[in-house]
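Structure, as structure tokens:
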Amino acid sequence: MPLQIIVGTQWGDEGKGRIVDWFAANSDIVARYNGGDNAGHSVTVGSKLFKLHLIPSGIIHPKPVAVLGNGMVINPRSLLDEIEMLHKAGIQVNPDRLRISHAAHLITPAHQALDKAQEAARGKGSIGTTGRGIGPAYTDKASRRGLRMADLLSADFFEHLSVLVDDANQQLGLLGAPQINLINIIEAYQHFRKMLLPYIADTSLEVCSAMAAGQRVLAEGAQGTLLDIDHGTYPFVTSSTTIASGVFPGLGIGISAANDAEVSGVCKSFQTRVGSGPFPTEVFDELALRLRGTGENPWDEYGTTTGRARRVGWLDGVLLRYAVRINGLTELVITKLDILSGIETLKLCIAYRKGGKTISDLPFGPSNLEDYEPVYQELPGWLEDVSAIRQWADLPQAAKDYLDSIARLAGVPVRLVSVGPERNQIVSNS
Ligand code: GDP
Ligand code: IMO
Ligand code: MG
């Protein structure tokens, strides 16, 4: 299978990074196709915890080439910090191992300042963005005035940058937010230009050529299905196409590659969300603390990018089935099964109820979820610690029953289950 797509089935943070790391061992290219440093993908290898925001999680393996696709919005400062972090951890990132699309868009401090000022202006209706400038950068892209990686090569780059910064200052003025300093931005970009030029490439050509030569490409989705700009819980979404089909425009791959692609949906064994927006199966109080953790462990439910406490709840099977359809998933990977150990009774949302009617498909997608009440199936939990288990047969019967119920509800098989954050804490269903 030359193309495998890894995508989140929920509101992000499903554990995509560690699952990409698992599959990357057998991949030639690992490529991001959407988003920017709003993503935070954790990979734990022994005592080392890597938190990646822009560079695909496959970089930790020695073989795969990492690609930042044209569908991304890239903050050069974050990228250089990440390259530095990897160097310090003994992972060499050079232009042979990292390729950046000439058509990926640049995030500047103007975008970050606008993101924060727009959020402040929304007041109670704020989206809870990561403040990384993602929305404003995609706005410039859609307005056809954004700066792209290849523009770093052009003679009038700084003129173009100045116009965008002046314009942002006008908008910031209207929003009552502080102005940003053009001179500082120009100085920073002179440095970024020098550092990044060797990495810029026609990544579409490189990825397609690799696939034509039979190499394996692993596409790493950022965010999750329910944060997709079209198919998510709009307007509480991010500004990019997060779903699997975003791979084709986001990497510049022809659609025929979809024919035999594997599309793996990563799904946490419960539900989480960071930021505002509807969440029908959300839980509070003691149970929430039980699922979220106190923050003592690195895997507790606190954002990898912003450190914010994640909202938590029971697994929502209606939304999972929706994710299977919208992405064309061929299989599921369930993460954090270990966190459910010791909960006496588990709840799985199998339908919604509204106005006395029970429904299993949303009439207008997931935007008006606040109108629906979840219908739960209760399943017995298990007491055993599962984190040392590596064989499917050794999982407690109640855990296997829970996984079977998820697969039945979703209509696709569960291929892998993770039982801890460490690279090898994976149980394969085969
Ligand atoms: P991503 O954005 O989808 O890559 O997910 P994040 O890295 O933001 O969040 C997932 C968190 O769960 C990270 O802290 C992971 O180390 C952790 N994690 C992933 N899989 C497991 C698992 O099976 N068990 C436990 N306990 N933690 C896990
Ligand atoms: P990964 O790849 C979880 C959320 C933000 C906010 C909304 C819009 O780690 O799964 P943005 O800054 O993108 O304009 O914010 O989307 N969000 C994420 N939530 N995981 C992510 O990425 C996210 N990226 C954005 O919290 O609600
Ligand atoms: Mg994350």
Side-chain angles (χ1 to χ4, degrees), residues 6-22 32 34-45 48-54 56-57 73 75 107 111-112 114-116 118-119 126-139 220-229 232-240 242 265-270 272-279 291-293 295 297-308 310-311 333-341 385-387 389 416-427:
I6 308 288
V7 71
T9 59
Q10 298 163 316
W11 282 292
D13 301 328
E14 296 89 349
K16 298 173 295 294
R18 64 85 42 90
I19 298 302
V20 166
D21 172 70
W22 174 263
R32 280 271 308 267
N34 77 296
D37 60 339
N38 49 348
H41 296 177
S42 323
V43 180
T44 310
V45 184
K48 284 189 181 159
L49 170 61
F50 297 89
K51 293 182 180 184
L52 295 152
H53 301 282
L54 286 163
S57 308
V73 285
N75 180 334
I107 293 188
H111 296 124
Q112 291 169 284
L114 281 171
D115 191 359
K116 288 178 188 141
Q118 288 166 357
E119 272 288 87
S126 76
I127 294 165
T129 72
T130 58
R132 298 295 190 271
I134 306 297
Y138 278 116
T139 301
E220 173 173 350
Q223 291 77 57
T225 303
L226 303 171
L227 290 172
D228 183 85
I229 181 79
T233 48
Y234 191 89
F236 299 102
V237 294
T238 190
S239 300
S240 70
T242 63
V266 184
C267 176
K268 218 176 263 183
S269 50
F270 49 100
T272 65
R273 168 163 216 170
V274 58
S276 323
F279 186 167
L291 292 173
R292 182 183 301 119
N297 306 304
W299 57 85
D300 287 347
E301 297 294 346
Y302 292 82
T304 310
T305 298
T306 58
R308 290 179 290 178
R310 296 178 186 144
R311 298 156 66 194
V333 174
I334 307 292
T335 57
K336 295 194 90 164
L337 192 73
D338 51 305
I339 300 300
L340 299 185
S341 287
D385 175 2
V386 295
S387 59
I389 294 177
L416 299 179
V417 173
S418 74
V419 292
E422 217 279 328
R423 179 176 262 178
N424 296 319
Q425 287 183 293
I426 296 271
V427 181

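All ligand and atom numbering here is 1-based and tracks the order in the structure. Counting begins at 1 with the first residue of the sequence. Being a predicted model, the structure only gives us computed values, none of them experimental.
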Looking at ligand 2, does R310 have a heavy atom less than 4.0 Å from it? no
Honestly, for E220 the part within reach of ligand 1 (heavy atoms, under 4.0 Å) is neither
If we number the atoms of ligand 2 from 1 as shown, the ones under 4.0 Å from a heavy atom of G275 are 27 (O)
Restricting to N, O or S atoms, which atom of D13 is closest to the Mg ion (ligand 3)? OD1
Report the part of V419 (side chain from C-beta onward, or backbone N, CA, C, O) that has a heavy atom under 4.0 Å from ligand 1; answer both or neither where that applies. backbone
How about G40: does one of its N, O or S atoms come closer than 2.8 Å to the Mg ion (ligand 3)? yes
Ligand-side contact atoms (ligand 1) for residue partner G420, heavy atom cut-off under 4.0 Å: 21 (C), 22 (C), 23 (O), 24 (N), 25 (C)
Which part of F236 is near ligand 2, with near meaning a heavy atom under 4.0 Å away: side chain, backbone, both or neither? neither
Please classify the D338 to ligand 1 contact at 4.0 Å (heavy-atom distances, strictly less than): side chain, backbone, both or neither. side chain
Give the single entry among T233, T242, T305, T129 that approaches atom 14 (O) of ligand 2 most closely by any heavy atom. T129
Treating R273 as the side-chain partner and S276 as the backbone partner, does any N or O pair qualify as donor plus acceptor under 3.5 Å? yes
One finds that the ligand 2 atoms under 4.0 Å from a non-hydrogen atom of D13 are 1 (P), 3 (C), 9 (O), 10 (O), 20 (N)
Distance under 4.0 Å to a non-hydrogen atom of K16: what atoms of ligand 2 satisfy this? 1 (P), 2 (O), 10 (O)
Restricting to heavy atoms, the pick from L227, T272, L52, D115 nearest atom 17 (N) of ligand 2 would be L227
Close N or O approach (D13, ligand 1; < 3.5 Å): yes
Polar contacts were defined as any N/O atom of the residue lying under 3.5 Å from an N/O atom of the ligand; does this apply to G17 and ligand 1? yes
Is it true that the side chains of D115 and T129 contain a donor and an acceptor less than 3.5 Å apart? yes
What part of R132, side chain from CB on, backbone N/CA/C/O, both or neither, has a heavy atom under 4.0 Å from ligand 2? neither
Mind checking whether K16 contacts ligand 1 via backbone (N, CA, C, O), side chain (CB onward), both or neither, at a 4.0 Å heavy-atom cut-off? both
Heavy-atom distance to atom 24 (N) of ligand 2: which of E119, Q223, R32 wins? Q223
Can a donor-acceptor pair be found between the side chains of R132 and T130 at a distance below 3.5 Å? no
Could you check whether any heavy atom of R310 sits closer than 4.0 Å to an atom of ligand 1, since that is the contact criterion I want to use? yes
Numbering as shown, the atoms of ligand 1 that approach I339 to under 4.0 Å (heavy-atom distance): 26 (N)
Against ligand 2, does G40 come closer than 4.0 Å with any heavy atom? yes
Which atoms of ligand 2 have any heavy atom of W11 under 4.0 Å away? 3 (C), 19 (N)
For P298, the ligand 1 atoms with a heavy-atom partner under 4.0 Å come out as 14 (O)
Considering both backbone and side-chain atoms of T238, is one of its nitrogen or oxygen atoms within less than 3.5 Å of a nitrogen or oxygen in ligand 2? yes
Ligand 1 and G12, any nitrogen or oxygen pair closer than 3.5 angstrom? no
A222: numbered ligand 2 atoms lying under 4.0 Å from its heavy atoms: 2 (O)
Classify the contact between V237 and ligand 2 as side chain, backbone, both or neither, using a heavy-atom distance cut-off of under 4.0 Å. backbone
